[in-house]
Every structure is written in C-alpha cells, then in structure tokens.
Amino acid sequence: MSNSQIAQIFSQMADLMEIKGEDRFRINAYRTAARAIADLGEDVADVAARNELLKIPGVGKGTAAKIIEFLREGKIGVHQELLEQYPPGLRQLLEIRGLGPRKVETLYRELNVASIADLRACIADGRLQRLKGFGEKTAKVILEGLEFLEQAGQRTPLGIAAPIAAELRDAVSRFPGAGRVEIAGSLRRGRDTVADLDMVCEAADGKPIIEQFTRLGPVAQILAAGETKASVLVDRPDGAGQIQCDLRVVPSESFGAALQYFTGSKEHNIRLREIAVKRGWLLNEYGLFKGETRLAGHDEAGIYAKLGFPFIPPELRENRGEIEADGHVPDLLEYGDIRGELHAHTTASDGRLTIEEMVEAARERGYQYLAITDHSRSSVIAGGLSAEDVLRHAAEIRALNARLKDFTLLAGAECDILPDGSLDYPDEVLAQLDWVVASIHASQHLDRDTQTRRSIAALENPYVCVLGHPSGRLLGRRDAMDLDWDLIIKTAARTGTALEINASWQRLDLNDHHVRMATEAGCWLSINTDAHSAADMDQMSYGVQTARRGWARKARVLNTFTAARLQKWIAAKRAR
DNA sequence: GCCGTTTTCGGCCCGACTGTTTTCAGTCG
C-alpha cells in the first residue's frame, strides 16, 4: 500500500511548510489530506485508477495531482524541493515538547541548529538562552522534553494506560468538591495505544482540585498547572518510562461540553464546531452557545442532540463517516452483549488453569459458553497437543460438559497454519472437534503472496471456524505480517469463516481499520481474549472497543449468540 | 489547499498556560 507513504509525505510537507512559516490554512489542508489518505479503507492507487481521488474529503485538485505524481514517479516535486531547503534532522526537533515550528526556525536561522546534538550543544554553552524570546526556563523545558522523548517517546498500549487512568480517576473522585470525573481522550475512544491520558472533573472551584491532583503519589513531574488545568507526568507501573496525564476542571453546566471536547478526536470536534458555526453558534469546552445563551453543555448527549445528532459513541468519533451517517450509525455491539469466550487455553498446553477452573472463570463473568482451544503439535514451545492427545482432551472436555448445567463447553483447538498453508491436524481430526481456531504462530516473515495464501487456505477449510489473530502483530514488539487484506477479507466473507478480534491488549488483532473493512464486506467476527488465565478474560472490553471502532454490529459477532444459535452456526458452516 | 442548499472568493475551530514579555507569541491539545 502506498497510502502510508503518501500520507507521510504530506505530513512531512506540512511540518516543513510550518517551519518555513507558510500559510497555516494551506498547511492544515495538507494535514487533512494526509489523515484522509492514511484512513482510507483501500489502496489509493485503486481510487486513482477509478479517477475518484476528488471524492476523498480533504483531497482537491492540487493534492490529487500530487498523488498521481507520486504514483507515477515515486516522488513529489514540491516535497523534494522542501527537503532540499532544510537539513534532514530538523523535523525531528518538532517532536520535542516545548519546541514548535517558530522556535525551531529561529534556532536554525540564528544558531544553525539542525539536530538534537546541535540543540544540546547550544543549551550547554548558553547560546540558546541568550536568544531573543528564549531564556533559562525555555532551555530547561527543552531538556526535559528531550529526556521524555528518549525514555517514553512512544505511545502507551491501551492495556497499560487503562488501569493507570482508572486509578487516577478514582483518586480525583475522592477529592472534596469533585463531582463527576471521567476519562476522556483516545483512551475513552478505545484506541489501541494512547499518547497521553485525559481526564475531566466537575467542580465549582478548579484551583483546589488542581492543587490536590499535582500532589498525587504517582505524579513524577508537573508540566503545567493553572486555575482549571494541569499536565503532569506519571510513572508507568511496568517501568517503561512515564505517561502524560492532563486534568481539566469545569463547572457542572460545562461538564458534558468539556467531556465531549476532550474526548475528541480533534478531527471529529472540528466537524462539530463547523456545524455549530454554520448555524451562528459557538461550540467550546464550556458549552454550545447562541450568543450569550447556553443551548447545551451539562451532558454530552445534549450537545449532540442540539446539533441534530443522536449520541455518537466515543469509539466512532474519528471523522470516519460518523458525521455523514447523520443518525444512521449502526447498532454497535456492547460489552453486555458478549455471551461467551471462544479462544482459551488450559494446562493441557500453555494455559495456567484446568478446564474446570476456566469454566469457573467464564461463569464468574456471566458467560454461557466457553471453547477450550489448546495449541496444536507444531507449537512445541506452547506444549502443543498431538492428534491423539487433542482427541483425548476433547473427550475429557465433553465428559465435563455432560455434567454442567446451564453452561456449554466446546471441545476445540487452536490449530497452527503451517508455512505451506496446510493445517497442523488432518481434516478427519478437525472434524471430530466442535470448534477450530486456525492461527499462524511461526514463519511470519514470508513474502506477502505466500503469507496471504497461507491465511486463505485456512479460511477455505470447512472445519475452521475462525482465523486467529489474523495480522500476527504484537504492539510495540512485532509488526503485522505483510498481507493482502482485500483478498483475505473477501475470502472470509465468501467462505463464511469468522475473523478474530483478539482482545489481548498486546495484540488487538484485527485492528480497528480491518474490522471496519471486514464489517463492510459482511464478515463474521469473533471477539476472543485468547485467555491463558482467569484475569486474561477481563481484556474482553478492549476487544469490544476495537470492534466498535470498526463499526461492528452485534448481529455479526459470533460470541453474542446464544449457545444454541452458535451450534447452529457451526453446523451450517460445516455444511457449506 | 479545500470548500460551498447563503458563497467559485473568502472564509477556514477554540481556548489554557507559559515564558519572556510590557501586551503577547508560541505551544499544546
């Protein structure tokens, strides 16, 4: 896909134009275009081939011409010209907190600063501090920004961020004078990783709340603290650096507006504010106003209602069609719709609990069924089962199932997809199981064609119910496999084989984009925690959020079914 | 550079906090 390359070029151009001091609206147009192309569900080359580039919102004649230039030449002339005007390391300086385009330009022009090393040298010998508009404090902020960038520069996974945020929210809730307290930002929208934590607190007087907040135990550094707003750095419990947390305090009548505002996304909010402006209104974090009159602000639903929308769930607020949907937002599934877990391991392979203990864990979470899917023989490190062992294991699962009341156990396997696309068990073994998850666990760096053929072969097998963690990514540790997603999703839709949304926060695989593609293609989905322990099952909410971000409807998610309906689905799938 | 059931020109989202300032530019979200 050239989409990400083109998006990168446009955002690079925007950065450089900003340093150059060009018109900010033109710069913004490039950023909008970059984002639109990055979010595109299909290859931009295909759109260009259909002559439909201008249909992409944010892409006009100028941008379209540059896209075509890139597709033909592999580069864009004006981008190359910009690159020649500035040293290659300059853009990196923008990533340092406290340094924006104006300061970077000044540093380059006055002191010839072109890299982080130059920057450090200028601070060390005091040249930076003597510049007009700079001072000791600026130098200190830049050094702190550099330190943060080096030790914690990357985004924090949802599964790390969510518990930290919950703890901070509970602490703030206990402050005297605090009313409603909510987590906002990309965490509330359920993104797989977050850059920082945002919180909104309702209180008549902000100052005491802010003061207490900055004194909380986990706070390692205060970046800013005013009357209504504070930014701090908090230590990550896993020791992997720090994460920024912003708290905003507003009065009761503004809480909904502030929560809406700080939940974002920025792009979604800009759309809403444009709609407000068109009606002669004003939308900000204090409310929706017509002149002096407050039309809404106490709660989020009121803001959306006044603007003519139903409540738009946070997961959809990405300006990916939720505004245009104009009320026709799909019937998104909810956490409470989940009735079972369809991917779980026991001590038979690499899980930590017995079958009985896993059943107990599932029942504690209100589930009606559980599929036991231990590893197959090729996953040697995970203690994969031989064909004989998996059948013996299945008999044991069924024996227990016969004794259970109001609960269904499915005897299954997580069967490896081998490098040649064949499965780790022969069909006659798979046929004797109730439920089969097929997953790739090894040889993840084969070329795109081979890798795609592997996945497709598994999807075509009638005994395979679901393709497990389809991209193979491990957030921050391993890239997704190079796959032809169009083809995989089309095949899944045609064969009726489900695609997994692996809910483990290290995976979240499918990701939101691919869920959206799968949903539009009419694929079945299964949200699985891939549980190796009882606690793992609690990650289901991350998977549900990812599904919602991909506009998944309850009707297409298998583990919202009753056990009886699921059994029928399996029978129908095998009969195809 | 994009966009248009008021517009093909003239707009383009909004506010808090900070540092280095004598009233505000820069940065951030």
Side-chain angles (χ1 to χ4, degrees), chain A residues 10 13-14 17-19 21-36 53-67 76 78 93-107 128-142 144-145 148 184-187 194-200 206-207 210 214 222-232 244-250 254 257-258 260-289 307 319:
Chain A
F10 283 144
M13 285 177 66
M17 287 163 69
E18 217 166 15
I19 292 172
E22 292 198 19
D23 177 64
R24 65 193 172 101
F25 297 110
R26 272 184 74 205
I27 293 164
N28 199 30
Y30 276 108
R31 292 206 194 284
T32 306
R35 163 97 196 209
L53 286 175
L54 292 176
K55 285 191 180 172
I56 303 170
V59 174
K61 274 187 179 173
T63 315
K66 290 182 186 72
I67 293 171
I76 297 172
V78 281
L93 299 181
L94 292 174
E95 291 170 19
I96 302 164
R97 182 177 32 231
L99 273 189
R102 300 274 45 81
K103 285 200 170 105
V104 167
E105 197 274 336
T106 305
L107 288 170
L128 180 141
Q129 293 89 319
R130 287 194 294 273
L131 270 186
K132 190 176 188 299
F134 291 71
E136 286 299 335
K137 203 67 200 283
T138 309
K140 184 164 173 276
V141 165
I142 292 172
E144 285 168 357
F148 180 77
S186 49
L187 187 60
V194 302
D196 61 7
L197 310 174
D198 296 283
M199 272 194 300
V200 183
K207 205 165 183 184
I210 295 295
T214 54
I222 301 168
L223 298 172
E227 300 273 315
T228 67
K229 181 184 168 182
S231 294
V232 302
Q244 182 173 334
C245 180
D246 298 339
L247 175 69
R248 187 65 190 267
V249 189
V250 292
S254 295
Q260 195 288 317
Y261 186 94
F262 289 104
T263 296
S265 66
K266 193 177 171 192
E267 290 78 9
H268 173 87
N269 286 354
I270 287 173
R271 293 295 302 274
L272 287 189
R273 292 199 286 274
E274 283 170 354
I275 289 164
V277 165
K278 273 188 192 128
R279 299 186 190 175
W281 300 345
L282 168 73
L283 176 61
N284 59 26
E285 61 262 57
Y286 298 108
L288 179 61
F289 299 93
L307 289 173
N319 191 26

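Scope of the values below: all heavy atoms of this structure, side chains included, with no hydrogens, waters or symmetry mates.
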Check the interface with nucleotides 27-29 of chain B: list each N/O to N/O pair with the protein under 3.5 Å, or write none.
{"residue": "B:dT27", "atom": "OP1", "partner": "A:G100", "partner atom": "N", "Å": "2.7"}
{"residue": "B:dT27", "atom": "OP1", "partner": "A:G100", "partner atom": "O", "Å": "3.1"}
{"residue": "B:dT27", "atom": "OP1", "partner": "A:K103", "partner atom": "N", "Å": "2.9"}
{"residue": "B:dT27", "atom": "OP2", "partner": "A:R102", "partner atom": "N", "Å": "3.1"}
{"residue": "B:dT27", "atom": "O5'", "partner": "A:G100", "partner atom": "N", "Å": "3.4"}
{"residue": "B:dC28", "atom": "OP1", "partner": "A:G98", "partner atom": "N", "Å": "2.6"}
{"residue": "B:dG29", "atom": "N2", "partner": "A:Y261", "partner atom": "OH", "Å": "2.6"}

request  = Could you tell me whether A:E144 and A:K140 have a side-chain N and a carboxylate O separated by less than 4.0 Å?
outcome  =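 Looking at A:K140 together with A:E144, the answer is yes, because their closest N to O distance falls below 4.0 Å.
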
Between atom [atom1] in [X] and atom [atom2] in [N], what is the gap in whole Å?
{"X": "A:F134", "N": "B:dT21", "atom1": "CZ", "atom2": "P", "value": "11 Å"}
{"X": "A:E136", "N": "B:dT20", "atom1": "CD", "atom2": "C1'", "value": "13 Å"}
{"X": "A:K132", "N": "B:dG26", "atom1": "NZ", "atom2": "P", "value": "10 Å"}
{"X": "A:I270", "N": "B:dC3", "atom1": "CD1", "atom2": "P", "value": "14 Å"}
{"X": "A:K140", "N": "B:dT18", "atom1": "NZ", "atom2": "C1'", "value": "13 Å"}
{"X": "A:R24", "N": "B:dG26", "atom1": "CZ", "atom2": "P", "value": "12 Å"}
{"X": "A:L53", "N": "B:dG1", "atom1": "CG", "atom2": "P", "value": "16 Å"}
{"X": "A:N28", "N": "B:dC13", "atom1": "CG", "atom2": "C1'", "value": "10 Å"}

[N] OP1/OP2 closer than 4.0 Å to side-chain N/O of [X]:
{"X": "A:K278", "N": "B:dT6", "value": "no"}
{"X": "A:N269", "N": "B:dC13", "value": "no"}
{"X": "A:T138", "N": "B:dT18", "value": "no"}
{"X": "A:R273", "N": "B:dC13", "value": "no"}

Same-atom distance ([atom1]) from [N] to [M], integer angstrom:
{"N": "B:dT8", "M": "B:dG1", "atom1": "C1'", "value": "14 Å"}
{"N": "B:dT7", "M": "B:dC12", "atom1": "C1'", "value": "13 Å"}
{"N": "B:dC13", "M": "B:dC28", "atom1": "C1'", "value": "15 Å"}
{"N": "B:dT20", "M": "B:dT27", "atom1": "P", "value": "13 Å"}
{"N": "B:dG11", "M": "B:dT22", "atom1": "C1'", "value": "34 Å"}
{"N": "B:dA16", "M": "B:dT21", "atom1": "P", "value": "24 Å"}
{"N": "B:dT23", "M": "B:dC17", "atom1": "C1'", "value": "16 Å"}

ask   = B:dT22: syn or anti, with syn meaning chi within 90° of zero?
value =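 Anti, angle beyond 90° from zero.
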
So what does [X] hit on the nucleic acid, given a heavy-atom distance under 4.0 Å: a base, only sugar-phosphate, or nothing?
{"X": "A:A276", "result": "nothing"}
{"X": "A:V141", "result": "nothing"}
{"X": "A:L283", "result": "sugar-phosphate"}
{"X": "A:L272", "result": "nothing"}

Note, [X] side chain near [Y] side chain (heavy atom, < 4.5 Å):
{"X": "A:N319", "Y": "A:I270", "value": "no"}
{"X": "A:F262", "Y": "A:D246", "value": "no"}
{"X": "A:Y30", "Y": "A:E22", "value": "no"}
{"X": "A:L93", "Y": "A:L107", "value": "no"}
{"X": "A:F10", "Y": "A:I67", "value": "yes"}

key: A:Y261 backbone acceptor or donor facing A:N269 side chain under 3.5 Å   = yes

task = Taking A:S265 for its side chain and A:H268 for its backbone only, find out whether a donor-acceptor pair lies under 3.5 Å.
result =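 At least one qualifying donor-acceptor pair exists.
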
5'-most by nearest nucleotide on DNA chain B - A:E227 or A:G135 = A:E227

message = Return whichever of A:I56 or A:G133 has its heavy-atom-nearest nucleotide of DNA chain B closer to the 5' end.
response = A:I56

ask   = Can you tell me the Watson-Crick or wobble partner of B:dG29, both distances under 3.5 angstrom?
value = B:dC14

Side chain of [X] (C-beta onward), nearest among [options]:
{"X": "A:R248", "options": "B:dC14, B:dC2, B:dA16", "result": "B:dA16"}
{"X": "A:A224", "options": "B:dG19, B:dC17, B:dG1", "result": "B:dC17"}
{"X": "A:T228", "options": "B:dA16, B:dG1, B:dC14", "result": "B:dA16"}

What side-chain donor-acceptor pairs closer than 3.5 Å can you find for residues 96-104 of chain A, not counting sequence neighbours?
{"residue": "A:R97", "atom": "NH1", "partner": "A:Q244", "partner atom": "OE1", "Å": "2.7"}
{"residue": "A:R102", "atom": "NH1", "partner": "A:E18", "partner atom": "O", "Å": "3.0"}
{"residue": "A:R102", "atom": "NH2", "partner": "A:I19", "partner atom": "O", "Å": "3.2"}

